[in-house]
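Following: one structure in structure tokens, then a few remarks.
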Amino acid sequence: MANYYSDHPEIAFHLDHPLMKRIVDLKEKDYADAKEHDDAPVDYEDAIENYKQILEITGDVAANIIEPNSESVDLEGPHLENGRMIYASKTVENLDATRKAGLWGVSMPRRYGGLNLPNVTFSMLSEVISAADAGFQNIWSLQSCIDTLYEFGDEEQRKKYIPRVCAGETMSMDLTEPDAGSDLQRVMLKATYDEKEQCWRLNGVKRFITNGDSDIHLVLARSEEGTKDGRGLSMFIYDKRNGGVDVRHIEHKLGIHGSPTCELTYKNAKAELCGSTRLGLIKYVMALMNGARLGIAAQSVGVEQEAYNEGLKYARERAQFGQKIIHFPAVYDMLSRMKAKLDAGRSLLYQTARYVDIYKCLEDIQRDRKLTAEERQELKRYTRLADAFTPLAKGMNSEYANQNAYDAISIHGGSGFIMEYKSQRLFRDARIFSIYEGTTQLQVVAAVRYITNGTYLNIIKEMLAEEVSAEMQPLKTRVEALVAQYEEALALVKEAGNQEMQDFLARRLYEMTGDIVMSLLILLDASRAPELFAKSAQVYVRHAEADCAGHFAFVKNYKADDLDAYRQE
């Protein structure tokens with residue numbers, strides 16, 4: 001029987017990373033839960049075994065329920081009835097299956113009914129579910145919104161809402177409005193305090209809300225009358241049980257049909273303040289978005305894997321000119337690049353998740369006791385690494401998912417354009433990954449400060465100091481040459497002192513950064529498990545060399561008046 005986890009040993013490999021011991025020890029807080037919860041691990045090995053069992057269960061559900069339902073969900077999609085969103089019938093089956101399998105409240109502490117899993121494992125679950133159906137992964141993974149409520153809500157709110165999510169109730173984050181897309185400072189949904197009822201009331205419209213008719217919403221709204229920027233925005237909790245929000249429209253989208261994208265009308269809807277006023281955008285949405293971006297990176301890796309699987313399967317079966325097309329250089333070239341991007345992208349995803357885990361665990365511990373000086377330094381280091389790696393993981397993987405889905409269609413030829421083949425759905429689904437939760441262009445904006453201030457360069461040099469196997473050393477030497485190119489290109493941009501030039505060249509520097517970081521990660525992976533990653537290391541470094549060479553030549557030959565050729569008036 002197929003299993004979307006155990007069929008791909010490359011996923012389990014990342015549970016054996018050297019940082020995992022530190023992550024699990026922090027997450028389990030000296031394994032204190034074992035005294036009160038029968039399902040809690042007693043030591044590190046027990047915890048890892050627990051993660052593997054949950055992944056096995058998820059892999060089974062994904063392969064044998066969610067994936068077989070995916071075609072029906074894509075065709076039916078959600079629909080609107082009397083102001084309510086109704087899921088596709090097979091989506092309801094998927095929700096029921098994941099609830100019965102106990103796959104909700106993944107990241108939450110056991111005292112609220114959660115599984116207390118680290119982000120690394122959550123990302124693996126997200127990848128596996130996305131490979132089966134990226135649209136359903138949206139619905140399921142939005143349970144991670146509860147992390148923001150756990151982090152910034154009060155204990156009464158935690159006890160009220162977290163057990164409900166652990167039992168399988170759904171969530172959404174209601175941020176975007178018709179006049180406030182990427183520019184969330186323009187949010188105008190109004191929040192006013194009802195003195196009589198001792199609650200907040202929300203009025204206005206939200207648009208493009210994923211899973212918008214969920215059970216529990218986190219809502220960005222303007223609480224400070226007369227303000228027009230982010231300092232007047234606060235975060236609120238809306239409970240669907242209280243009423244006051246209707247679905248006005250469900251978007252008809254290119255892909256991810258199973259994931260309902262709703263326009264909502266708030267009419268005097270009762271809500272609770274989450275955290276403090278005025279920090280909605282400045283602090284809480286940033287936390288939400290970083291979690292969501294890691295989720296999209298995992299979603300992207302899942303589709304990268306499934307696109308590769310579909311391309312490989314078809315190439316092995318399809319014969320032309322007297323032989324299977326997998327033997328044609330043009331085809332195995334595409335497949336090898338798909339696999340290399342998948343393996344390197346997955347490595348970046350899980351490295352990012354590990355960094356997030358360490359700093360989030362230390363922040364959680366800090367709620368109970370004062371951190372030691374060493375722990376404060378560790379918190380600072382891993383917060384910086386997580387902030388730097390998140391826009392790389394989201395941006396690079398979302399682009400790779402699009403490319404792998406495109407290449408899967410190319411391998412299928414004319415059949416790939418036919419709706420009966422899965423590759424067309426993967427292609428349609430993938431297109432949104434580089435748009436929502438911050439476009440690739442916005443990931444570049446988030447990353448560029450780490451490019452120009454030398455943060456990435458310092459990280460890369462630290463990575464270069466790590467030893468690789470003798471077999472990988474020649475490839476590492478070639479990556480060192482790329483780092484020299486990168487450093488020179490960065491110096492040229494900084495010396496020019498021209499902001500418009502920096503903005504124009506930022507995407508090229510960003511891609512060079514991603515290429516080099518992922519090259520170094522895949523070399524480390526191939527050193528530890530050559531049977532899994534040696535081929536991908538060879539292919540990915542060659543890809544990085546070609547990519548970086550083009551970007552380096554562009555930057556080096558750039559002249560100030562070159563922009564005139566690009567401006568479109």
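- For Tyr87 and Asn211, the side-chain atoms include at least one donor-acceptor pair closer than 3.5 Å.
- By the 4.5 Å heavy-atom criterion applied to side chains, Arg346 and Lys341 are not counted as neighbours.
- Put simply, the side chain of Glu306 never gets that close to the backbone of Ala405: no donor and acceptor are under 3.5 Å apart.
- The one candidate from His217, Arg164, Lys160, Lys270 that meets the side chain to side chain donor-acceptor pair (under 3.5 Å) condition with Asp239 is Arg164.
- Using modelled atom types and a 3.5 Å distance limit, the side chains of Asp25 and Tyr31 yield a donor-acceptor pair.
- Put simply, CD on Glu304 and CG on Leu349 are 9.0 Å apart, with the number rounded to the nearest 0.5 Å.
- Using a 3.5 Å distance cut-off with no hydrogens or angles, the side chains of Tyr510 and Gln441 do not pair a donor with an acceptor.
- At least one side-chain heavy atom of Ser276 sits under 4.5 Å from a side-chain heavy atom of Leu279.
- Contact check on Lys461 versus Glu487 returns a salt bridge, with a Lys/Arg side-chain nitrogen under 4.0 Å from an Asp/Glu carboxylate oxygen.
- For the residue pair Tyr436 / Gln299, a side-chain donor-acceptor distance below 3.5 Å is found, with atom types taken as modelled.
- Proximity of Asp174 to Leu218: side-chain heavy atoms (C-beta onward) are nowhere separated by under 4.5 Å.
- Residues Arg111 and Pro163 fail the side-chain proximity criterion, which asks for heavy atoms closer than 4.5 Å.
- At most 12 non-hydrogen atoms from other residues, nucleotides or ligands lie less than 6.0 angstrom from CD of Glu156.
- Gln157 contributes a side-chain N or O that, together with a main-chain N or O of Asp154, makes up a donor-acceptor pair within less than 3.5 Å.
- For the residue pair Arg449 and Thr452, no side-chain donor N or O sits within less than 3.5 Å of a side-chain acceptor on the partner.
- The CG atom of Leu342 sits 8.5 Å away from atom NE2 of His8, with the distance rounded to the nearest 0.5 Å.
- Separation of the Trp140 and Phe122 ring centroids falls under the 6.0 Å cut-off.
- The main-chain N or O of Ile256 is never found under 3.5 Å from a side-chain atom of Ser259 such that the two would form a donor-acceptor pair.
- Between Ile237 and Ile216 the shortest side-chain heavy-atom distance falls below 4.5 Å.
- By the 6.0 Å contact criterion, CZ on Arg431 is open, its count of non-hydrogen atoms from other residues, nucleotides or ligands being 12 or less.
- Interatomic distance, OG1 of Thr277 versus CZ of Phe236, reported as 8.0 Å (0.5 Å rounding).
- Within a 6.0 Å radius of NZ in Lys29, more than 12 heavy atoms belonging to other residues, nucleotides or ligands are found.
- Salt bridge annotation for Asp33-Arg110: present, with a cationic side-chain nitrogen under 4.0 angstrom from a carboxylate oxygen.
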Apply the test side-chain contact (heavy atoms from CB on, under 4.5 Å) to residues Leu442 and Thr439: give CA-CA distance (whole Å), side-chain angles for both, the deciding distance (0.1 Å), then the verdict.
CA-CA 5 Å; Leu442 282 177; Thr439 62; 3.7 Å; yes
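- A salt bridge links Lys206 with Glu177: the distance from a Lys NZ or Arg NE/NH1/NH2 to an Asp or Glu carboxylate oxygen falls below 4.0 Å.
- Side-chain atoms of Glu28 do not come within 3.5 Å of backbone N or O of Ala47 as any donor-acceptor pair.
- Using a distance-only test at 3.5 Å, with no hydrogens or angles considered, no donor-acceptor pair links the side chain of Lys100 to the main chain of Leu95.
- Within a 6.0 Å sphere centred on CG of Asp38, other residues, nucleotides and ligands contribute 12 heavy atoms or fewer.
- For the residue pair Gln305/Asn309, the side-chain donor-acceptor check at 3.5 Å is satisfied.
- Looking at Lys370, Gln366, Arg369 one by one, the single match for side chain to side chain donor-acceptor pair (under 3.5 Å) with Glu375 turns out to be Arg369.
- Looking at Asp357, its side chain does come within 3.5 Å of a backbone N or O of Val120 through a donor-acceptor pair.
- Using a 4.5 Å heavy-atom threshold, the side chains of Gln443 and Arg293 count as touching.
- Side chain to side chain, Tyr486 and Thr513 meet the donor-acceptor criterion of an N or O pair below 3.5 Å.
- Of the N and O atoms on the side chains of Tyr350 and Glu127, at least one donor lies less than 3.5 Å from an acceptor on the other residue.
- Partners of Glu155 under the side chain to side chain contact (heavy atoms under 4.5 Å, CB included) rule, at least two apart in sequence or in another chain, are Tyr112, Arg158, Lys159.
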One pair to check against side-chain contact (heavy atoms from CB on, under 4.5 Å): Phe152 and Thr148. What are the steps and the verdict?
CA-CA 6 Å; Phe152 301 112; Thr148 298; 3.7 Å; yes
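- No donor-acceptor pair closer than 3.5 Å links the side chain of Arg222 to the backbone N or O of Leu189.
- By the 4.0 Å N-to-carboxylate-O rule, Glu10 lies close enough to Lys339 to be salt-bridged with it.
- Distance alone, capped at 3.5 Å, is enough to place a donor-acceptor pair between the Asn397 side chain and the Ala393 backbone.
- Pairing each heavy atom of Ala298 with each of Ser130, the nearest pair is O-CB, 4.4 Å.
- The aromatic rings of Tyr382 and Tyr355 sit tilted relative to each other, their planes meeting at an angle between 30° and 60°.
- A distance of 5.5 Å separates OG1 in Thr121 from CG in Leu15, rounded to the nearest 0.5 Å.
- More than 12 non-hydrogen atoms from other residues, nucleotides or ligands lie less than 6.0 angstrom from CG of Asp183.
- Judged purely by distance below 3.5 Å, without hydrogens or angles, the side chains of Arg231 and Gln185 never pair a donor atom with an acceptor atom.
- In this structure, CG in Leu392 is found 10.0 Å from CG in Asp515, a value given to the nearest 0.5 Å.
- Of the N and O atoms on the side chains of Gln143 and Thr170, not one donor lies less than 3.5 Å from an acceptor on the other residue.
- Salt-bridge formation is detected for the pair Glu224/Arg278: a Lys NZ or Arg NE/NH1/NH2 atom is positioned less than 4.0 Å from an Asp or Glu carboxylate oxygen.
- Salt-bridge annotation for Glu399 and Arg507: present, with a side-chain N of the basic residue lying under 4.0 Å from a carboxylate O of the acidic one.
- Checked for salt-bridge contact, Lys360 and Asp364 miss the test: no charged N lies under 4.0 Å from a carboxylate O.
- Counting heavy atoms of neighbouring residues, nucleotides and ligands inside a 6.0 Å radius, atom NZ of Lys283 does not exceed 12 of them.
- Between the side chains of Asn290 and Thr390, not a single donor N or O lies within less than 3.5 Å of an accepting N or O.
- Residues Trp104 and Thr98 are in side-chain contact: their nearest non-hydrogen atoms beyond the backbone lie under 4.5 Å apart.
- Of the inter-residue distances, the one linking Ile365 atom CD1 with Lys27 atom NZ reads 10.0 Å to the nearest 0.5 angstrom.
- Using a 3.5 Å distance cut-off with no hydrogens or angles, the side chains of Asp343 and Ser536 do pair a donor with an acceptor.
- Proximity of a side-chain donor or acceptor of Tyr456 to a complementary backbone N or O of Ala388 within less than 3.5 Å is detected.
- Side-chain contact check for Ser107 and Asp147: at least one donor-acceptor pair (N or O, by modelled atom type) lies under 3.5 Å.
- A distance-only check finds no donor-acceptor pair linking the side chain of Ser347 to the backbone of Ala344 [under 3.5 Å].
- Side chains of Asn3 and Asp7: a donor-acceptor N/O pair is absent below 3.5 angstrom, by distance only.
- Between the side chains of Ser223 and Ser234, at least one donor N or O sits under 3.5 Å from an acceptor N or O.
- Here Glu462 pairs with Arg381 in a salt bridge; the nearest charged N to carboxylate O distance falls below 4.0 Å.
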